[in-house]
Amino acid sequence: MAQSGIYEIVNLVNGKRYVGSSVDLQARWKVHLRKLRTGRHHNAHLRSAFAKYGESNFSFVILEECEREKIIDREQSAIDALKPEYNIAPLAGSILGVTLQEEVKDRIRAANIGKTHTSCARAKMSAAKTGTKHSAETRAKMSAAHKGKKKGPLSEARCKQISENQAGKKRGPYKPRTAEHSAAIAAALTGKKFGPRKNKAA
């Protein structure tokens, strides 16, 4: 039967540690090792130290075995007492090292299909992005990512959705362009060169 309890991962060079809990201690250590070896561990502090000092300088120690129901309380007690340097969050409260089964993941994905943000949430997101400017490097990356991409024709379902969204919308009366607007456009285009105009096929 799997051991459940509290553990620590100790740096044997400087004594710094990471404290955690799991319903299967040995399996949890294997997960830690696999992710640390591949540089994919979620804890940046521990990941960086592991890369710097090497695997041989880290030890996995079981601090206490306890019942599953008491794991979080006992983990918090260990964190409070030891003040582990590699822990990012000062509070215990993980999912106890249990990996979600595919069936559970599928239910979560299915539950989120079709969900949309409320108008209030959209307004907050819009307000948060207002005035945000991308750096030259970011714009260059975005431009490179979109080069060569071709937009295909809209699907029948998408066309129908657009048509339904537009149904019932009233457009205001046509307003001719003002002289001020025309002057502004002319000023903006001053100095710009355009290629020869292509005649449309009859």
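Heavy atoms only: backbone and side chains are in, while hydrogens, waters and symmetry mates are out. Residues: numbered from 1 along the sequence shown. Treat the numbers as computed from the prediction; the structure is a model and nothing was measured.
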K.L.:
Between atom CD1 of Ile72 and atom CD1 of Ile6, what is the distance when rounded to the nearest 0.5 Å?
P.N.:
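Rounded to the nearest 0.5 Å, the CD1-CD1 separation comes to 7.5 Å.
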K.L.:
Write down the atom of Leu25, the atom of Ser4, and the distance for their closest heavy-atom approach.
P.N.:
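Of all heavy-atom pairs spanning Leu25 and Ser4, the closest is CD1-C, 4.1 Å.
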K.L.:
Kindly give the heavy-atom pair with the smallest separation between Asn11 and Ala49, and that separation in Å.
P.N.:
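Closest pair (atom of Asn11, atom of Ala49, distance): ND2-CB, 4.4 Å.
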K.L.:
Between OG of Ser21 and CD of Glu75, what distance do you get to the nearest 0.5 Å?
P.N.:
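If we round to the nearest 0.5 Å, Ser21:OG and Glu75:CD are 3.5 Å apart.
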K.L.:
Please tell me if the side chains of Tyr86 and Ile9 come closer than 4.5 Å, counting only heavy atoms from C-beta onward.
P.N.:
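The answer is no, as the side chains (C-beta and beyond) never meet within the 4.5 Å cut-off.
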K.L.:
Residues two or more places apart in sequence or in another chain: which of them pass salt bridge (Lys or Arg N to Asp or Glu O under 4.0 Å) with Glu64?
P.N.:
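For Glu64 the salt bridge (Lys or Arg N to Asp or Glu O under 4.0 Å) partners, ignoring immediate neighbours, are Arg74.
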K.L.:
Shortest non-hydrogen contact from Ser59 to Leu12?
P.N.:
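Smallest interatomic distance, heavy atoms only, reads CB-CD2, 3.9 Å.
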K.L.:
Are Leu33 and Val10 linked, directly or through other ILVMFWY residues, by side chains that come within less than 4.5 angstrom of each other?
P.N.:
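No, separate clusters.
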K.L.:
Would you find a donor on one side and an acceptor on the other, under 3.5 Å apart, between the side chain of Thr38 and the backbone of Arg34?
P.N.:
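Yes, Thr38 side chain to Arg34 backbone: donor-acceptor pair under 3.5 Å.
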K.L.:
Please find the pair of heavy atoms, one from Gly5 and one from Ile71, that lie closest to each other, and give the distance.
P.N.:
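Closest heavy-atom pair between Gly5 and Ile71: N-CD1, 4.2 Å.
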K.L.:
Using 0.5 Å steps for rounding, measure from the CG atom of Asn14 to the CD atom of Glu85.
P.N.:
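Those atoms lie 7.5 Å apart.
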K.L.:
Hey, could you give me the CD1/OH distance between Ile88 and Tyr18, rounded to the nearest 0.5 Å?
P.N.:
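Going from CD1 on Ile88 over to OH on Tyr18, the span is 8.0 Å.
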K.L.:
Out of curiosity, Leu36 CG to His41 NE2, how far, rounded to the nearest 0.5 Å?
P.N.:
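NE2 of His41 is found 4.5 Å from CG of Leu36.
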K.L.:
How close do Val23 and Ala2 get, heavy atom to heavy atom, and via which atoms?
P.N.:
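Heavy atoms of Val23 and Ala2 come nearest at O-CB, 3.8 Å.
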K.L.:
Taking salt bridge (Lys or Arg N to Asp or Glu O under 4.0 Å) as the definition, give me every residue that meets it alongside Glu55, ordered by chain and number, with sequence neighbours left out.
P.N.:
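Expected list: Arg37.
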K.L.:
List for me each residue that meets side chain to side chain contact (heavy atoms under 4.5 Å, CB included) alongside Gln26, sequence neighbours excluded, and say none if there are none.
P.N.:
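Gln26 satisfies side chain to side chain contact (heavy atoms under 4.5 Å, CB included) with Gln3, Asp24, Ile62 once adjacent residues are dropped.
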K.L.:
Only counting residues at least two apart or in another chain, list the ones meeting salt bridge (Lys or Arg N to Asp or Glu O under 4.0 Å) with Arg47.
P.N.:
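Arg47 satisfies salt bridge (Lys or Arg N to Asp or Glu O under 4.0 Å) with no residue once adjacent residues are dropped.
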K.L.:
Is there a continuous path of hydrophobic side-chain contacts, each under 4.5 Å between heavy atoms, that joins Leu46 to Val31?
P.N.:
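Leu46 and Val31: separate clusters.
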K.L.:
Quick test of your reading: applying salt bridge (Lys or Arg N to Asp or Glu O under 4.0 Å), list the pairs with at least one residue in residues 9-22, sequence neighbours left out, ordered by first then second residue.
P.N.:
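Output for this query lists Glu8-Arg17.
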K.L.:
So how far is it from His42 NE2 to His32 NE2, rounded to the nearest 0.5 Å?
P.N.:
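The NE2 atom of His42 sits 6.5 Å away from the NE2 atom of His32.
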K.L.:
Quick one: ring-ring contact (aromatic ring centres under 6.0 Å, His included) pairs with a partner in residues 54-74, sequence neighbours left out?
P.N.:
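Checked against ring-ring contact (aromatic ring centres under 6.0 Å, His included) - neighbours excluded - the pairs reaching residues 54-74 are Tyr7-Phe60, Trp29-Phe60, Phe50-Phe58.
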